[in-house]
Every structure is written in structure tokens, then in C-alpha cells.
Amino acid sequence: MNLVVDTEAMLDRLEQTALDEIVEGEARPLVARLATLLRGHSHRYYVLDAPVIADAEYDRLFRALQTLEARFPDLAAPDSPTRRVGGEALDAFSKVRHPVPLLSLANAFDGDELRAWYERARRGLAGRFGDVTPALVVEPKIDGLALALTYADGRLARGATRGNGRVGEDVTEHVKTIRAIPLRMAPPAVPASAPTTLFDTVGDATSAPARIEVRGEAYLAKSTFERLNDALVEEGGKPFANPRNAAAGSLRQLDPQVTAARGLRFFAYGVGPVEGEEPPTQYETLGWLRRLGFPTNEHIRRCENIDDVIRYCNEWEARRDELDYEIDGVVVKIDRREYQDELGAVANAPRWAIAYKFAAREATTRLLDIALNVGRTGVIKPLAILEPVGIGGVTVSKATLHNADYITGRDIRIGDRVIVKRAGDVIPQVVGPVESARTGEEQPWTMPPDCPACGEPIVRLEGDADFYCVSAVCPAQTKRLLEHYASRGAMDIVGLGEKVAVQLVEAGLVHTLDDLYRLRAEDLLGLDGFKEKKVENLLRGIATSKRRPLRALLFGLGIRFVGATVAALLVEHHDSLAALAAATPDELEAINGIGPETARGVVEWFAHAPNRATVEALRELGVNTERLPEEPVAAEPQGPLAGRTFVLTGTLPTLTREAAKAKILAAGGSVTGSVSAKTDFVVAGDSAGSKLQKAQALGVRILDEADLLALFTT
Ligand code: IVH
């Protein structure tokens, strides 16, 4: 079978076949074929991580199979790919006794502990095997929940949670909804072009055993977890604290249909009891499982010695954030089963394996207060003030709470015990409250109506998660703005950092940016820590900044969406602040690289009278507000459409809007968002609306896609 060719043939066939008229004799081979194709694609997607069709095509095959099975229920196999939607809801989970207990693992927290474990294992083997240095397998320790999957005659017969290791819960119907778990074992046909990894080539045992228990970890990808939490908050529900809780919560749903919708994934990492032949090493067992159709983790490696193991552990501790699933350590296993059997287990944990645990990134502590931080754009961000707590070697006493909805959605209250997470170089964040630790003393929080820095009312714009202080004279904003204005990429005023910015604003010396250029030595000498030398340096820095290029000034003004790159781009097209202040949103949007939001941000900023006053004052005080000769200027547009302005509206038959815009820009034309008397052409597609009407009213020339394409060739 060639999956790609056969799928294309099937899609063609479906296009020409009326499924609701088909007779059973014709449907039978079609059902079988569809099931095989769908299994093949699931395998490519989940096991090989190399899909060959688009999701929409998969859905078409899936729906065709569903339609046929609905018409001819007898043709629907019990392990058909359509059976992944979740069966009847349960009243309670029934208990399952594991024939061989699922053990847990001892932990190691550093390289020395790993070495000590390895030496103990070597000593344990010396009696029977002599002085051996056993090879090891290292596997990312997935932070999900363990499952034991029993297959009889190659078919999924039962799925169970780990529970306490001896007795778990029967989650067979739930497990069937996890698409990464094969309902039918055995290698689905894989086209010759499939990428081969080491796993595909190790191990001899290829046949499916009569009965086998496959063990592994069910988990939720970080991206899926975030989407799930967003959706839960949106519906007024409680989000999960982390992907592990979310995975466990999603599986322990009485209704398997809920599980089906959660998008759980699975990695196999070992086997329980096996009837039949079994490979002699862990590494080969993983390769075998993979060929039997189970996803295995792509970062699993075999190591010859413990130094390589330690290197691997350190590497993944540093790289864990690159993965789209949480790992909390590395599981290290002695590779050979003979050695494993000899070493056996103590209490609950095998002697042949150990978990190297990464430094914790979560801790719980008390939320003492919620402070509000006003940024230079006026954005107001809630900040958690925490009882200091050590996380991964760093003391954390403040953490972000994102925005007001985040706090109320998670019902985070002042006085709560909260889970705090510190991931990589990300700012620590409060994940959520520990509700079970509540005493009743905790205080719910709401956003106050006024800016904590200036007392002016704060506003929330539609569709924006954040609140803003829009006062022109808010000292908190001025401090941040001043610091930004003086920063290296902006006006580069040496000696004006965060601390001095705060001093200048708090002393009442600077209310708006232009005040900076009115500072005199005697004003500064009164400030804490300012001696003559420091005063002289700061004043020199300020004076020098008057000659900074226009793009640096523009960036320094702190206009929303205008970072250093956008500022440079704007200056290429406008030679002074005055010219920029006069630009319309359309003119700005016509610049390749400037979107409607940025255009609006610029226009609104200049429309605000206090901002215009600042610009004027800066200019009068001698600050350069014009493009300097050394600053780049945009090349005059070249091409057949140079100087022509287009507006696109409606859906074009073949070109996407981006593609049409790119073609116009490449031919020297410009594209704006709204129709005016200055518009040369409106390109209208299907369901074009008011823009088309306006064009007709103004007598602007209207083109369809074919007319547009013709322009490029003339
Ligand atoms: S092996 C005897 N391998 O970690 C060996 N466990 O305490 C027992 N886990 O809850 C487990 N990734 O579910 C093994 N590659 C991996 C694993 C892994 C995650 C979990 C496992 C168990 C815990 C071990």
C-alpha cells in the first residue's frame, strides 16, 4: 500500500460517489479501505510525527467512514477509527487489580546521586556477571499520568490508571478516545518514504504477542493545556493548575466524551506482562513498541556510561522549555533485561531504574497583597506580593498575575496559599490558589476604579484584557516613559536610568519629556546622590541627545506599537515629526510592514493635544525632529503600478488578500484600508460590502481579479 497514492485515489473516489445511495456490497470494501487509511494516517501523525495529509482531508475520510457505518451498522468494526468519540457515561469507575504492580521510582537530584546509584547497581551485578559496566537508556520523564494498556490478540482490551500501583481504575472507554493509542496493535503499513529513526531499525521481535500490557504516560501538550484553560475560563469554569492535573482530570471524567474532546496524547515507555517473545533490552523494547504502533519519545537515547547520562540530564534540564509537553526529569534505566531481573526491586521501586529530578519550578506560598504596576503606555498590570519562597535556587517575592480576568477567573484571593511557577527565564507567575488551604479569611479582589499613581479613572478598551490609565500627567507613566526615552535604542542619555527617572519625577522636576531639556544644575544638586560631576554628566547626556536621529526620538516617545523597527520604517517614509503628525491612517498603512493597529496607534497619539504640545516644545528646545541626512530614505516605488493606490475588498476567486497585496506592492503600488478620493483602484471580490459602494459613489475604478492580474502584465 502507498498511503499517499491510495489516499488521493480514495478522495477522488469519494468525490464521485454518492454515499447515501451506495449498496452494502459496494460499501463493505470501502469501509475496510477507509479504516486502513485512517489508521495509517493516525500512525504517521502520532507515532512518526510526519503527517502526509491535511487535517481537512483526514476529516473527509473520517466523515465518509462515519456515514457508511451509520448506514450499515453491521460493517462497523468494534475497533473502527470512528469509535474514538467516547461511549456511554459511567456511574462510577470500576477497580482493576494490576497483574504485576506498577512500581514507582527512587529519585536522584544531582550527578553524584546518579553515580552512586549506578555503582550500587554494578555491585549488585558483580556476583553473577562480574565487573560489568551496563549500558543505560535515558528517557524524558513525562509529567502526566501512567496507564497500563492490555492488548489481547492485538486489540485493545483494557486500559487502567496506575492508582496506588496495585489497584487502579478501569478507563478503557476513555483510553479508546486517545487517538495516539492504537485500538489495534500491529504495524500499520508505512510507505517506504517514511523517515527512519534508530527505533525503526532496532530489535528483532516484530510479531504482535498474543497478550501484552503496554505501559506509558498519558499527557496533555502545553499548547492544548493552555487552550483548554482558556476555554474553561471563558465558560466560567475553573482552569487547571498544570498540564498534569489537566491530564488526570480529563481522564477521570465519568463521561468519556469529555475525555475525547480534551486531546490527550500518549508515550509508551515499557511493558508489563507479555505472553510471547520479548526483546532483551529496554532500548529494543521501545523500538518494538514503536513498530507495534505506539508513540515513543523521540529524545530517548542509549548511553554507554554514566557520564553520558549526566550530560543528557543536564542538557534536558536546560532545554525542557523547548518541548511542547512538561517533563519533570529524566528516567534512567539499565538497558539489559537480564540485569534488570538480577537487580530486582526494593519496596516500591526497582533497583535498575531511577528518576533524575529537575530542580522544582513550582512552590506554594502566601499571597500577601496585589499591587498595581503602571507601565509607560499606561497599562496597569496586577502584581502578586508574595511571602518570599525559594524556587529552583532563587527567592521569589513578586510574580505576575497577568490581568484582572486572570485573577477573577481563577478566583485568586488575597491571603490565599497560591501555586507559583518559575519557568526558565520567564517572569514568575501565580498559577492559581490552593483552595483546600482556605481558612475563610481570604479577601476576593477587584480592579479599583482609579489609577493607583495619579487617581484618575482607569479604562478598559473593548476586546483588550488590560486596563489603562489614560491621564496625560500620571507620574507612574512619566517615570517609565522617561526611562524608556533615555534608553540606549532611543535617546541614549547616559546617566538616566530607572532610579534617576524616578527621582526626577518624584521631585516634581519632570512632568513631560520636554521638561528634561529645561533642567538646570541647581535643580539637580538638591537630589539625593547628585554631586557636581554627576550633574554635569547628566546635563551633558541630555544636551547630546538633542542631535539623535529622528527614528530614535520617534521610538523614545513611547507610541503604542512603535518599536525601534517600526520607528525606523516610519522615518524612511516621513522626513519629520510634523510630516508624521499630518499622515492619515491610510497613508501609514500603505507602508509595507505597517498594519492597521500601528497606523491607528500613531494617528491617535498625534491627535492627543498634550502629545502635540510635547513635540512642539521638544522642537523649540532644540531637539532634532527631522530626518538626518544619514538616516535611510525609502526608495521611490518602482514598477508598473508606482504611485497607484489600491483598496482590496471581498474574497477574490484565487488570490488571498495577502497574495494580492504582495503582488501590488511588488509592482510598486500601495494598498490601503479604506476608500477615499485618493484611491486609484478598488479590487472587489465576492461579498464585497461598503467599500465597493463607496468606490462607486466616488467614481473610483473598480477591478475584479482578472483586471488586476492584467495590470501586472501591461
Ligand atoms: S518507568 C519501574 N519511564 O514517572 C519503572 N516512568 O515514578 C517505572 N514516567 O508515574 C516507570 N515518564 O508514569 C518510566 N519514561 C518513563 C516515564 C515514567 C514518566 C512516570 C511514570 C510514573 C513515574 C515514576
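Every number for a ligand or one of its atoms is a count from 1 in the order of the listing. FYI, the numbering just counts along the sequence from 1. Remember, it's a predicted structure, so these values are computed and weren't measured experimentally.
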Parallel, tilted or perpendicular: ring planes of F62 versus Y58, cut at 30 and 60 degrees: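 Geometry flag for Y58 against F62: parallel rings.
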ring-ring contact (aromatic ring centres under 6.0 Å, His included) contacts in which one or both residues fall within residues 214-242, not counting sequence neighbours: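 Counting only pairs at least two positions apart or across chains, the ring-ring contact (aromatic ring centres under 6.0 Å, His included) contacts touching residues 214-242 are Y219-F267, Y219-Y325.
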Sequence neighbours excluded - ring-ring contact (aromatic ring centres under 6.0 Å, His included) pairs with any residue from residues 156-184: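 Residue pairs passing ring-ring contact (aromatic ring centres under 6.0 Å, His included), neighbours aside: F93-H174.
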Per-pair distances, 0.1 Å, donor-acceptor, side chain in residues 129-137, under 3.5 Å, sequence neighbours excluded:
from, atom 1, to, atom 2, distance (Å)
D131, OD1, R122, NH1, 2.9
D131, OD1, R122, NH2, 3.4

Row check, W316 ring normal vs R319 NZ/CZ: under 6.0 Å, within 45°: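 Positive - R319 is close enough to the ring of W316 and near enough to its axis.
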Over-ring placement of R120 relative to Y118, 6.0 Å and 45° cut-offs: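 No, R120 does not sit over the ring of Y118.
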I'd like a table of the close N/O pairs between ligand 1 and the protein (anything under 3.5 Å), one pair per line with both atom names and the distance.
from, atom 1, to, atom 2, distance (Å)
ligand 1, 3 (N), K333, NZ, 3.0
ligand 1, 4 (O), K141, NZ, 3.3
ligand 1, 7 (O), L105, N, 3.4
ligand 1, 12 (N), I142, N, 3.2
ligand 1, 13 (O), E217, OE1, 2.3
ligand 1, 13 (O), Y269, OH, 2.8
ligand 1, 15 (N), E139, OE1, 2.7

